[in-house]
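Here's the structure we're looking at; comments come further down.
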Amino acid sequence: MATTDAEVERVRALVATVPAGRVVTYGDIAAAAGLSTPRTVGWIMRTDSADLPWHRVIGAGGKPAAHLADRQLRLLAAEGVPVRDGRVDLRAARFPLP
């Protein structure tokens with residue numbers, strides 16, 4: 001996936017703005033960063049997010065990635081994010097990006 005350093009830094013900066021108790025989707029980040037697909041955000045998060053609040057970025061349907069689901073939902077619930085049946089309530093917890 002061809003991604004520039006500037007794109008990586010835009011994604012990182014946006015993820016860093018998401019406050020505790022709120023979430024954004026991969027698509028929200030992609031749109032705000034000017035990327036053509038949320039998959040690019042997923043790739044960036046997978047390769048360069050250890051120092052970011054990665055758990056606040058979820059899929060468009062409110063579900064976390066299967067391999068991270070238990071840990072991610074536990075972290076989000078601890079921050080007060082409403083979680084029901086393994087999904088985040090996006091209407092209540094979605095953070096509006098600039």
Side-chain angles (χ1 to χ4, degrees):
M1 181 165 296
T3 306
T4 68
D5 289 344
E7 289 170 334
V8 171
E9 290 310 311
R10 277 198 308 271
V11 167
R12 289 179 50 77
L14 287 164
V15 172
T17 68
V18 182
R22 304 297 295 271
V23 298
V24 293
T25 67
Y26 293 99
D28 294 338
I29 296 283
L35 301 174
S36 61
T37 176
R39 290 178 186 261
T40 302
V41 176
W43 180 83
I44 292 168
M45 295 299 294
R46 194 170 44 254
T47 59
D48 192 17
S49 68
D51 61 335
L52 294 171
W54 60 267
H55 60 286
R56 297 179 190 148
V57 182
I58 60 171
K63 290 185 80 173
H67 68 288
L68 298 171
D70 290 338
R71 183 174 176 210
Q72 189 169 16
L73 291 175
R74 189 172 55 252
L75 289 168
L76 291 171
E79 292 182 353
V81 172
V83 176
R84 262 182 244 111
D85 299 323
R87 284 185 196 269
V88 169
D89 181 350
L90 287 173
R91 288 181 195 217
R94 197 176 216 158
F95 178 69
L97 291 169

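A continuous path of Ile, Leu, Val, Met, Phe, Trp and Tyr side chains, each step under 4.5 Å between heavy atoms, connects Leu68 with Val15, placing both in one hydrophobic cluster. Transitive grouping of hydrophobic side chains (ILVMFWY, heavy atoms separated by less than 4.5 Å) keeps Ile58 and Leu52 in distinct clusters. Criterion: ILVMFWY side-chain heavy atoms under 4.5 Å apart, direct or through other members. Under it, Leu97 and Val41 are part of a common hydrophobic cluster.
The backbone N or O of Gly34 sits nowhere less than 3.5 Å from a side-chain atom of Glu7 that would complete a donor-acceptor pair. In terms of modelled atom types and a separation under 3.5 Å, the side chain of Thr17 and the main chain of Leu14 share a donor-acceptor contact.
Residues satisfying the side-chain contact (heavy atoms from CB on, under 4.5 Å) test with Ala60, not counting sequence neighbours, are none. With sequence neighbours excluded, no residue forms a salt bridge (charged side-chain N to carboxylate O under 4.0 Å, His left out) with Arg10. Listed by chain and residue number, Arg12 satisfy the side chain to side chain donor-acceptor pair (under 3.5 Å) test with Asp51 (two or more places apart in sequence, or in another chain). Residues that satisfy the side-chain contact (heavy atoms from CB on, under 4.5 Å) test with Ala93, not counting sequence neighbours, are Val23, Val81, Pro82, Val88. With sequence neighbours excluded, no residue forms a side chain to side chain donor-acceptor pair (under 3.5 Å) with Asp70. With sequence neighbours left out, Arg84 forms a salt bridge (charged side-chain N to carboxylate O under 4.0 Å, His left out) with Asp89. A search for side-chain contact (heavy atoms from CB on, under 4.5 Å) contacts involving Glu79 returns Ala20, His55, Arg56, Leu76, not counting sequence neighbours. Applying the side-chain contact (heavy atoms from CB on, under 4.5 Å) criterion to Thr47, with sequence neighbours excluded, gives Trp43.
Of all heavy-atom pairs between Leu90 and Gly61, the closest is CD1-C, 4.3 Å. Heavy-atom minimum distance, Val57 versus Thr25: CG1-C, 4.2 Å. Of all non-hydrogen atoms in Tyr26 and Met45, the two that sit nearest each other are CE2-CG, 4.3 Å. In this structure, Ala69 and Pro64 approach most closely via the heavy-atom pair CA-CG, 3.6 Å.
With rounding to the nearest 0.5 Å, the separation of CZ in Arg39 from CZ in Arg46 is 9.5 Å. If you take CD1 on Ile29 and CD1 on Ile44, they are separated by 10.0 Å, rounding to the nearest 0.5 Å.
Residue pairs that meet the salt bridge (Lys or Arg N to Asp or Glu O under 4.0 Å) test with at least one member in residues 13-24, sequence neighbours left out, do not exist here.
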